[in-house]
> 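Sharing a structure, written as structure tokens. Questions coming.
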2 protein chains.
Amino acid sequence: MDASPNTPKPAPRTAQVLREALEYDIATGVFAPGTRLDEVSLAKRFNVSRTPIREALIALSASGLVEIRPRRGAFVQEIGVSRLIEMFEVMAELEAMCARLACRRMTAADHRDLLAAHEACTQAADAGEPDAYFYANETFHDTIYRGSGNSFLAEQARALQNRLKPYRRLQLRVRNRVGNSLSEHQTIVDAILAGDDRKAESALRSHILIQGERFNDFVASLVRADAAQARRVMA
Amino acid sequence: MDASPNTPKPAPRTAQVLREALEYDIATGVFAPGTRLDEVSLAKRFNVSRTPIREALIALSASGLVEIRPRRGAFVQEIGVSRLIEMFEVMAELEAMCARLACRRMTAADHRDLLAAHEACTQAADAGEPDAYFYANETFHDTIYRGSGNSFLAEQARALQNRLKPYRRLQLRVRNRVGNSLSEHQTIVDAILAGDDRKAESALRSHILIQGERFNDFVASLVRADAAQARRVMA
DNA sequence: GATTCTTCTCTTGTATACAAAAACCGTTGA
DNA sequence: TCAACGGTTTTTGTATACAAGAGAAGAATC
């Protein structure tokens with residue numbers, strides 16, 4: 001439908017562009033959790049008036065990335081440890097559901113995509129590039145989301161993945177996480193190709209939940225990140 | 001923390017109030033899916049300027065209730081039949097997850113709440129009041145959400161329940177749906193009280209998915225609703 | 001007569017102006 | 001020295017003003 005060759009010009013809406021820019025800056029940690037997002041500063045920074053800034057902040061607030069405290073301003077949502085666990089618990093379930101459905105609904109072409117994504121992960125891991133692995137990993141999971149044949153589910157999974165992005169990134173710093181992640185991927189791929197939905201479901205669930213089990217490592221990296229952030233604020 | 005006895009006065013933000021008002025009107029069908037939400041009309045209707053109206057619409061757009069087509073305006077999100085099935089599929093999974101966790105995490109007090117909510121459903125059903133049953137049913141499900149011990153999950157479930165509200169309401173018009181719903185509730189309650197997580201999970205999943213199986217009835221009611229809407233548009 | 005181009009209007013999107021609430025800060029008092 | 005009070009200032013929230021794109025209606029052309 002809207003895959004027409006020449007889109008007539010999407011008409012750039014400043015507010016939407018700003019929303020994506022802010023989203024990106026939050027996901028990549030430019031704006032750390034708890035940071036206050038001053039409207040006038042942002043307006044100056046982007047060379048626009050406060051109106052589109054406000055609209056972007058409201059949209060971000062609705063999707064949970066920022067919190068708007070009435071008459072106090074917008075703050076990057078701080079996610080406490082317990083809430084983070086809750087979110088990972090839900091993420092695990094969504095991904096498990098995707099895997100289960102993917103077993104039944106993936107086409108041959110989907111299988112090829114899955115293998116390609118897995119191969120890309122392997123290469124990034126072999127090259128020892130954590131950032132490359134991070135993105136390859138995202139693509140791998142997204143392939144499964146799409147393979148579920150449920151576009152709404154895929155959107156939900158993507159949205160939550162996005163919210164957890166800053167924290168998942170920290171995860172990969174944990175010793176040997178990349179290697180383990182990769183072998184878990186292998187198990188998942190095998191299960192999906194074999195059409196074993198029970199196995200795929202549980203493999204993906206533990207792949208996500210493993211972060212909960214390795215909780216000590218996880219908290220440790222969080223604490224270190226907080227300390228680094230604190231130092232940055234001090235400077 | 002914020003459970004202080006005397007909240008100092010939440011300071012009413014017009015935009016937030018508007019958002020809730022519009023949300024309610026959409027959920028109850030005052031604004032049917034596909035309806036265009038004109039900013040100036042809404043502004044006049046609520047006696048405010050366009051600014052808070054826009055902010056409310058943007059928030060609703062982010063939560064999926066309305067669609068903002070750039071430079072064309074806001075429309076109540078039209079949910080096609082296939083997407084509706086997808087959403088119910090996800091809803092079923094979220095509820096199943098809540099039930100599974102509730103089996104392990106509900107306290108004795110939660111069990112009492114659950115029984116009370118079930119009792120309220122029974123009374124509403126016996127009284128033959130579909131609307132009362134609808135609300136009692138919402139409370140019943142919400143009790144399970146809370147019982148999951150995962151507040152993020154509970155929020156997600158509530159949000160999706162809210163988006164599906166107009167369609168679930170139609171569901172109850174189907175012949176004998178209330179009676180069947182009630183007996184399914186009984187199965188769920190028994191499973192949760194017994195701590196049988198497998199059974200609770202599958203019972204709740206089918207409780208939601210049953211709407212997919214009864215798909216012919218469902219489409220029929222949708223078609224009738226669409227026809228009614230079409231007539232309204234013509235007039 | 002149908003189609004396309006033009007113009008006009010209406011609506012959205014952004015900027016600015018104004019009001020009110022909250023934060024800041026220095027002063028005053030104990 | 002510290003706490004409380006009052007005024008100032010900064011910042012959010014809402015209203016209004018202005019610009020530009022989309023839609024509709026009419027004129028011109030084939």
Side-chain angles (χ1 to χ4, degrees), chain A residues 1-2 4 6-23 26 31 34-78 233, chain B residues 1-2 4 6-23 26 31 34-78 233-235:
Chain A
M1 298 304 179
D2 67 324
S4 80
N6 52 345
T7 314
K9 245 185 197 178
R13 295 141 283 155
T14 319
Q16 185 65 16
V17 175
L18 290 174
R19 182 185 170 284
E20 282 161 21
L22 290 173
E23 204 166 43
I26 292 172
F31 295 121
T35 307
R36 181 158 170 286
L37 298 173
D38 182 53
E39 295 180 0
V40 294
S41 316
L42 291 173
K44 264 192 266 185
R45 171 175 171 176
F46 289 104
N47 268 316
V48 294
S49 82
R50 277 176 53 220
T51 310
I53 295 282
R54 271 185 73 83
E55 298 192 345
L57 289 176
I58 286 164
L60 290 173
S61 158
S63 58
L65 260 91
V66 310
E67 179 192 0
I68 293 183
R69 297 211 263 275
R71 305 204 176 261
R72 303 225 171 147
F75 299 78
V76 179
Q77 185 68 270
E78 284 205 82
V233 173
Chain B
M1 299 301 181
D2 66 323
S4 79
N6 52 345
T7 314
K9 245 185 198 179
R13 297 142 284 157
T14 319
Q16 186 64 16
V17 176
L18 288 174
R19 183 184 170 286
E20 282 160 22
L22 289 174
E23 203 165 44
I26 291 172
F31 296 120
T35 306
R36 181 157 170 286
L37 298 172
D38 182 53
E39 296 180 359
V40 295
S41 316
L42 291 174
K44 263 191 268 186
R45 172 176 169 175
F46 289 104
N47 269 316
V48 294
S49 82
R50 277 176 55 219
T51 308
I53 295 282
R54 271 185 74 82
E55 298 192 344
L57 289 175
I58 286 165
L60 289 174
S61 158
S63 57
L65 260 90
V66 312
E67 180 192 359
I68 293 184
R69 297 210 263 275
R71 305 199 177 268
R72 301 219 176 149
F75 299 79
V76 179
Q77 186 68 270
E78 285 205 80
V233 172
M234 295 294 186

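Keep in mind the model is a prediction, meaning the values are calculated, not measured. First the proteins, then the strands, lettered A, B, ... as listed; each starts at 1. Just the heavy atoms: all of them, side chains too, but no hydrogens, waters or symmetry mates, feed the values below.
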> Looking at CZ of A:R54 and CG of A:L37, how far apart are the two atoms once the value is rounded to the nearest 0.5 Å?
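The CZ atom of A:R54 sits 13.0 Å away from the CG atom of A:L37.
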> On DNA chain C, does the nearest nucleotide to B:A74 precede the nearest nucleotide to A:T51 from the 5' side, or the other way round? Give the residue.
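Nearest nucleotide further toward 5': that of B:A74.
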> Let me know the distance between CD1 of A:I53 and P of C:dT14, rounded to the nearest Å.
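One finds 11 Å between P of C:dT14 and CD1 of A:I53, rounded.
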> Give a yes/no on whether any side-chain N or O of A:T14 is located under 4.0 angstrom from OP1 or OP2 of C:dT14.
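So the side chain of A:T14 is within the cut-off, an N or O lying under 4.0 Å from OP1 or OP2 of C:dT14.
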> Which residues, if any, of residues 58-68 of chain A bring a heavy atom under 4.0 Å of DNA chain D?
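Under 4.0 Å from DNA chain D: no residue of residues 58-68 of chain A.
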> Starting at CG of B:L57 and ending at P of C:dG13, how long is that distance when rounded to a whole Å?
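Spelled out: CG on B:L57 to P on C:dG13 is 10 Å.
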> Give the rounded distance in Å between these two atoms: CZ of A:R54 and P of C:dT16.
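Interatomic distance, CZ of A:R54 to P of C:dT16: 16 Å.
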> My understanding is that only residues two or more places apart in sequence, or in another chain, count here; which of them pass side-chain contact (heavy atoms from CB on, under 4.5 Å) with B:S49?
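For B:S49, the residues satisfying side-chain contact (heavy atoms from CB on, under 4.5 Å) (neighbours in sequence not counted) are B:T51, B:P52.
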> Could you run down the sub-3.5 Å N/O contacts of the protein with nucleotides 7-10 of chain D?
none

> What is the distance from atom CG of A:L60 to atom CD1 of A:I26, rounded to the nearest 0.5 Å?
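A:L60 atom CG to A:I26 atom CD1 measures 5.5 Å (nearest 0.5 Å).
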> Atom CZ of A:F46 and atom P of C:dT14: how far apart are they, to the nearest Å?
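Rounded to the whole Å, the gap is 14 Å.
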> Between the protein and nucleotides 9-11 of chain C, which nitrogen or oxygen pairs are less than 3.5 angstrom apart?
unit_1: C:dT11; atom_1: O3'; unit_2: B:R36; atom_2: NH2; d: 2.8

> Could you check how far CD of B:E55 sits from P of D:dA15, rounded to whole Å?
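In whole Å, D:dA15 P and B:E55 CD are 10 Å from each other.
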> Give me, pair by pair, the N or O atoms of the protein and of nucleotides 17-19 of chain C that are less than 3.5 Å apart, along with how far apart they are.
none

> Can you sort out the partners of B:R36 under side chain to side chain donor-acceptor pair (under 3.5 Å), two or more places apart, ordered by chain and number?
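With neighbours one apart ignored, the set is empty.
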> With sequence neighbours left out, what residues match A:V40 under side-chain contact (heavy atoms from CB on, under 4.5 Å)?
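If we apply the side-chain contact (heavy atoms from CB on, under 4.5 Å) test to A:V40, skipping adjacent residues, the hits are A:D38, A:R50.
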> To check you understand the geometry: which heavy-atom pair defines the closest contact between B:A15 and B:A56, and what is its length?
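For B:A15 versus B:A56, the nearest heavy atoms are O-CB, 3.7 Å.
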> Are the side chains of A:Q77 and A:V66 in contact, using a 4.5 Å heavy-atom criterion?
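They are not in side-chain contact.
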> Which residues pass the salt bridge (charged side-chain N to carboxylate O under 4.0 Å, His left out) test with B:E23, sequence neighbours left out?
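Salt bridge (charged side-chain N to carboxylate O under 4.0 Å, His left out) check on B:E23 returns B:R19.
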> Any side-chain heavy atom of A:L22 sitting closer than 4.5 Å to one from A:F46?
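In short, these two side chains touch, coming nearer than 4.5 Å.
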> Could you tell me which non-hydrogen atom of A:I53 sits nearest to which non-hydrogen atom of A:E39, and how far apart they are?
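A:I53 and A:E39 have their closest heavy atoms at CG2-O, 4.1 Å.
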> To the nearest Å, how far apart are A:R13 CZ and C:dA15 P?
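It is 15 Å, rounded to the nearest whole Å.
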> Rounded to whole angstroms, how far apart are CZ on B:R69 and P on D:dA22?
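In whole Å, D:dA22 P and B:R69 CZ are 14 Å from each other.
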> Could you tell me whether the phosphate oxygens of D:dA15, OP1 or OP2, come under 4.0 Å of any side-chain nitrogen or oxygen in B:S49?
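Looking at the OP1 and OP2 atoms of D:dA15, one of them is under 4.0 Å from a side-chain N or O of B:S49.
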> How many whole angstroms separate atom CG of A:L42 from atom P of C:dA15?
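Spelled out: CG on A:L42 to P on C:dA15 is 14 Å.
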> For A:R72, check salt bridge (charged side-chain N to carboxylate O under 4.0 Å, His left out) against everything at least two apart and list the hits.
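Counting only residues at least two positions away or on another chain, A:R72 forms no salt bridge (charged side-chain N to carboxylate O under 4.0 Å, His left out).
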> Side-chain contact, heavy-atom cut-off 4.5 Å: B:F31 with B:L65?
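SC-SC contact between B:F31 and B:L65 ruled out.
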> Restricting to salt bridge (charged side-chain N to carboxylate O under 4.0 Å, His left out), what partner residues turn up for A:E67, sequence neighbours left out?
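For A:E67, the residues satisfying salt bridge (charged side-chain N to carboxylate O under 4.0 Å, His left out) (neighbours in sequence not counted) are A:R69.
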